Asks: 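Before anything else, here's the structure in question.
What's counted below: heavy atoms across the whole structure, side chains too, no hydrogens, waters or symmetry copies. Naming convention: chains lettered A, B, ... in sequence-line order (proteins, then strands); numbering from 1 in each chain. For clarity, every value in this text was computed on a predicted model and none was experimentally measured.
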Amino acid sequence: MFKIIKRQEMAEGTVILNEIEAPLIARKALPGQFVIIKATETGERIPLTMADTDPENGTITIIYMVVGKSTAIFRDLKEGDSYMDVIGPLGAATHLEKVGKVVCVGGGTGVAVLHPIARGLKEIGNDVTSIIGSRNKDLLILENKMKIASTKLHICTDDGSYGHHGFVTEVLKDILEKEDIKMAVAIGPVPMMKAACAVTKEYNVKTLVSLNPIMIDGTGMCGGCRVSVGGETKFACVDGPEFDGHKVNFDELILRLRAYDIEEKKSYDHYCNLQKA
Amino acid sequence: MADKKVKKEKIARQVMPEQEAAVRAKNFEEVPMGQSLETAIIEASRCIQCKKPACVEGCPVGVDIPGFIKLIQEERMSDAISKIWEKNSLPAVCGRVCPQEIQCEGNCIIGKKGEPVAIGNLERFVADYERKKKSADKPKKAAATGKKVAVVGSGPSGLTVASDLILKGHEVTIFEAFHKPGGVLVYGIPEFRLPKEIVFSEVAGLEEIGVNVMCNAVIGRSMTLEELFADGFDAIYLGVGAGLPTFLNIPGENLTGVFSANEYLTRSNLMKAYLFPEYDTPVIKGKNVITLGAGNVAMDSARTALRLGAKTSRIVYRRTMDEVPARGAEVHHAEEEGVKFFFLTSPVKFSGDENGRLTTMTGLKMKLGEPDASGRRRPLPIEGSEFDLECDLAIIAVGAGANPLLTKSTEGLELNKWGYIVADEKNGKTSKKAVWAGGDIVTGSATVILAMGAGRQAADSIHEYLSIGW
Ligand SMILES: Cc1cc2nc3c(=O)[nH]c(=O)nc-3n(C[C@H](O)[C@H](O)[C@H](O)COP(=O)(O)OP(=O)(O)OC[C@H]3O[C@@H](n4cnc5c(N)ncnc54)[C@H](O)[C@@H]3O)c2cc1C
Ligand SMILES: Cc1cc2nc3c(=O)[nH]c(=O)nc-3n(C[C@H](O)[C@H](O)[C@H](O)COP(=O)(O)OP(=O)(O)OC[C@H]3O[C@@H](n4cnc5c(N)ncnc54)[C@H](O)[C@@H]3O)c2cc1C
Ligand code: SF4
Ligand code: FES
């Protein structure tokens, strides 16, 4: 069992942070890696990136958005409760390199995945400009942490309630236009990553993205997480989750993420009804 | 003597009662329902106790078959199970899944003129009987040696190694990547063929005698072999199986609705998607399902699809019925349940709708040409013979490969050109000191009993190493 030692709500309760006791994982985890979590005997195996790790205290931190049944079950766990299974660290670690000026773009809960990467890039001496966005001010997460992890931070909201009024891609284009950016990292909803890559491609700036296909084992044994990268099939759980964004077939990923939309809705409704009863 | 033989042959092979095909094709309960004590004793009496038993020669681990059959006939069930345990620690599993028709039963002398003795059914019978009664004395544990062994993977080969070495007095920890132990027995082979309760009770038995089972441990990621040695393990056994799905590399393979058999079966068996939404993991329940391949994995997939409500479940295979590699019983059961076979057909591409969901598989007709290296006649495409099959679910079951996750993270481990671990055929020693390997990760996809046999040999060698040296 893996005990939740800290629980925090963000973005009006739509995003949850859990710090979990998992000493063996904390000891090994590197930025960019993820864990697979199963809450109960009947639960699903859900992949979540480690937003932080504390090897000394033997804990890992996950930050997730409540989008369906499994994440709703996670939300309902309190401090002191436990997850049944936590597996990791999985996936390849981010390849951190000193290149000079870097731009990091994050949207929604993608900011949680982006944070340790931005921090790592800055730590090894890069000049990190970050752009984070959300629908409105209240849904923005990790603003302060991102400020510390970056040399400069830009904020965007779709409704203009905070920072730049508009999409992260607009600010991104502006920065690429003015500065000599060597590398970009874009993490967030698939349409955002796709749009960001379209922009960076114009400027020929290599862009790292983190993909989130549906997974089961996370060890390369099922192929459910396959994505097309540069015309080749890759398993995101072992070959990724990070890939060269200019080569990713985002449209295929969007379709594959909808594989179970009917079942997921049924499952979530079933859970909500049980909760009401 | 001649007289005796004639008499024995007159008794017909006892039929194992089974759920009716139409009923069982809609549930996940076990197909054969087990036999009664009476019929087991009658069946046992059909064995003529050969002096040089051909059946034993056909058994990869050399179970004393006439020996345990005689004990059944004498109604000494706990002695019968102890007799089997001498060579095979998982008889309830093997009685159900071994390809007896090409092993023990295929060799049985009675089978030359009539039906062979139902060795598999008898093995299963004693094992089930014992699991309920728990009357036999468990094998005794030797005095503690203070040595620690890590077993990576909890499939049949890992379980065998763990069981043998704990009895020899060593401390044993099994590291399993999944959240449940059992390997293919749990994530691959469906409930209707091998109830999971049997596998879990075997593992529980090992835990009772002191084996430590650590799930959620992906060796190579959670811990490396070097770290295991640093943590004080004296020897490591790698029984990680052949868990890499093979795809066909044809257009449309990433459409929603195209699965590897590994994914399809893992969802259904390990994650219990057949009980969705009671269990949270979904699986696509196709109406018209195509399975590619014709081994046990393909039969299991096609039969699972029927149970999940498919209207049609079809097996598409490049060769003919003569080359089908699945166990005879599985093919027979699949046909009875309504699975249709398309022989001499090769998949060319998958097509889908605007939502990226599979709608059609295009196949190409084949004909048999000259025999190839394996002696089987090579299937050759018939040009222009493409045709379409409507389907909303396609399961690719054309074999598995070596998963590089662990081998890539381990230095000094020699691999062959397909990525399988090179290990000594006789004792399982790898090129890396104090590391053994066996089962599917050495041989490629094979059978439960071969994986167990490799485990037994390696356990002997590990014991020797821990007592004497490398
Ligand atoms: C490597 C990786 C890292 C991730 N990291 C984070 C993270 O740090 N924070 C975060 O909020 N989310 C993260 N995700 C996404 C997260 O796994 C899904 O949001 C979660 O699985 C949804 O489950 P659900 O039952 O609550 O929702 P559902 O109703 O089941 O599904 C909602 C959406 O999630 C996707 N999804 C469903 N099941 C899975 C699954 N088993 N694996 C992956 N996606 C699935 C579906 O495509 C669907 O669009 C990550 C995904 C991957 C692959
Ligand atoms: C669907 C299906 C049906 C089959 N039917 C039959 C049949 O009827 N009869 C028959 O004889 N054979 C059958 N087989 C074949 C048989 O199951 C295998 O040959 C046998 O299970 C191999 O045993 P193993 O111990 O080598 O590996 P496996 O059973 O594959 O077990 C390996 C275990 O290692 C774990 N593992 C892998 N990597 C790691 C890691 N890095 N760290 C920790 N753990 C790891 C895996 O999760 C798995 O649990 C079937 C196979 C399948 C897939
Ligand atoms: S070959 Fe057949 S008859 Fe002879 S000992 Fe074996 S099971 Fe009995
Ligand atoms: S999740 Fe199964 S191979 Fe990646």
Side-chain angles (χ1 to χ4, degrees), chain A residues 2 22 24-25 27-29 33 35-36 38-46 68-70 73 84-91 214 216-228 233 235 237-238 249 251-264 266-271, chain B residues 177-180 187 214-224 227 240-247 249 253-267 270-273 275-285 352-357 396 400-401 403-406 408:
Chain A
F2 300 80
L24 290 179
I25 301 174
R27 170 175 103 174
K28 293 279 292 182
Q33 288 190 301
V35 286
I36 283 189
K38 186 168 153 293
T40 60
E41 176 63 29
T42 54
E44 224 180 331
R45 292 169 63 101
I46 299 293
K69 178 174 178 185
S70 298
I73 293 174
M84 187 171 235
D85 301 289
V86 180
I87 302 119
L90 300 169
I214 294 177
I216 300 269
D217 55 294
T219 62
M221 69 74 69
C222 79
C225 64
R226 59 197 189 279
V227 287
S228 292
T233 294
F235 291 180
C237 70
V238 284
N249 183 339
D251 295 331
E252 181 187 278
L253 177 61
I254 290 172
L255 293 175
R256 285 186 67 78
L257 279 167
R258 287 192 204 132
Y260 299 101
D261 46 11
I262 301 165
E263 290 85 356
E264 280 156 1
K266 184 171 157 194
S267 191
Y268 198 16
D269 291 347
H270 178 80
Y271 180 70
Chain B
F178 267 128
H179 56 273
K180 284 227 155 76
Y187 79 70
M214 251 189 86
C215 288
N216 301 327
V218 186
I219 303 304
R221 289 266 201 246
S222 321
M223 270 171 277
T224 60
E227 284 168 320
V240 293
L244 186 76
T246 306
F247 286 94
N249 290 317
E253 212 162 17
N254 291 349
L255 288 165
T256 298
V258 182
F259 284 87
S260 73
N262 270 2
E263 181 182 358
Y264 184 69
L265 292 172
T266 301
R267 282 182 177 274
L270 179 74
M271 304 311 296
K272 302 234 178 296
L275 298 174
F276 179 87
E278 196 188 316
Y279 278 69
D280 298 343
T281 306
V283 68
I284 290 178
K285 298 180 178 177
D353 62 15
E354 67 283 2
N355 294 317
R357 288 183 182 261
I396 301 170
N403 189 328
L405 186 80
L406 176 133
K408 251 170 64 182

Asks: At a 4.5 Å cut-off on heavy atoms, which part of Arg27(A) comes close to chain B: side chain, backbone, both, or neither?
Replies: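 Only the side chain of Arg27(A) comes within 4.5 Å of chain B.
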Asks: Any chance you could lay out the salt bridge (charged side-chain N to carboxylate O under 4.0 Å, His left out) test for Glu227(B) and Lys28(A), step after step, and finish with the verdict?
Replies: CA-CA 11 Å; Glu227(B) 284 168 320; Lys28(A) 293 279 292 182; 3.1 Å; yes
Asks: Students often mix this up, so state it plainly: with edges at 30° and 60°, are the rings of Phe247(B) and Phe235(A) parallel, tilted or perpendicular?
Replies: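 Rings of Phe247(B) and Phe235(A): perpendicular, as their planes differ by over 60°.
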Asks: Please check this pair: side chain of Arg256(A) against backbone of Thr256(B), looking for a donor-acceptor N/O pair closer than 3.5 Å.
Replies: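 It does not hold such a pair.
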Asks: Decide whether Ser228(A) and Asn254(B) meet the rule of one side-chain donor and one side-chain acceptor closer than 3.5 Å.
Replies: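 On atom types as modelled, these side chains qualify, holding a pair under 3.5 Å.
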Asks: Would you say Met84(A) and His179(B) make side-chain contact, with heavy atoms under 4.5 Å?
Replies: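 No, too far: nothing below the 4.5 Å cut-off.
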Asks: Tell me every residue that passes salt bridge (Lys or Arg N to Asp or Glu O under 4.0 Å) with Arg221(B), counting only those two or more places apart in sequence or in another chain.
Replies: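 Salt bridge (Lys or Arg N to Asp or Glu O under 4.0 Å) check on Arg221(B) returns nothing, list empty.
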Asks: Which residues pass the ring-ring contact (aromatic ring centres under 6.0 Å, His included) test with Tyr187(B), sequence neighbours left out?
Replies: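 For Tyr187(B), the residues satisfying ring-ring contact (aromatic ring centres under 6.0 Å, His included) (neighbours in sequence not counted) are Phe178(B).
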Asks: Is there a salt bridge (charged side-chain N to carboxylate O under 4.0 Å, His left out) between Asp280(B) and Lys266(A)? Walk through the geometry before answering.
Replies: CA-CA 10 Å; Asp280(B) 298 343; Lys266(A) 184 171 157 194; over 6 Å; no
Asks: Using heavy-atom distances under 4.5 Å, tell me whether Tyr268(A) contacts chain B through its side chain, its backbone, both, or neither.
Replies: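 It is neither, since no heavy atom gets under 4.5 Å.
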Asks: Decide salt bridge (charged side-chain N to carboxylate O under 4.0 Å, His left out) for Glu41(A) and Lys180(B); before the verdict, give the C-alpha distance in whole Å, the side-chain angles of both, and the deciding distance to 0.1 Å.
Replies: CA-CA 10 Å; Glu41(A) 176 63 29; Lys180(B) 284 227 155 76; 2.6 Å; yes
Asks: So which part of Ile216(A) gets closer than 4.5 Å to some heavy atom of chain B, the side chain, the backbone, both or neither?
Replies: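 Side chain only.
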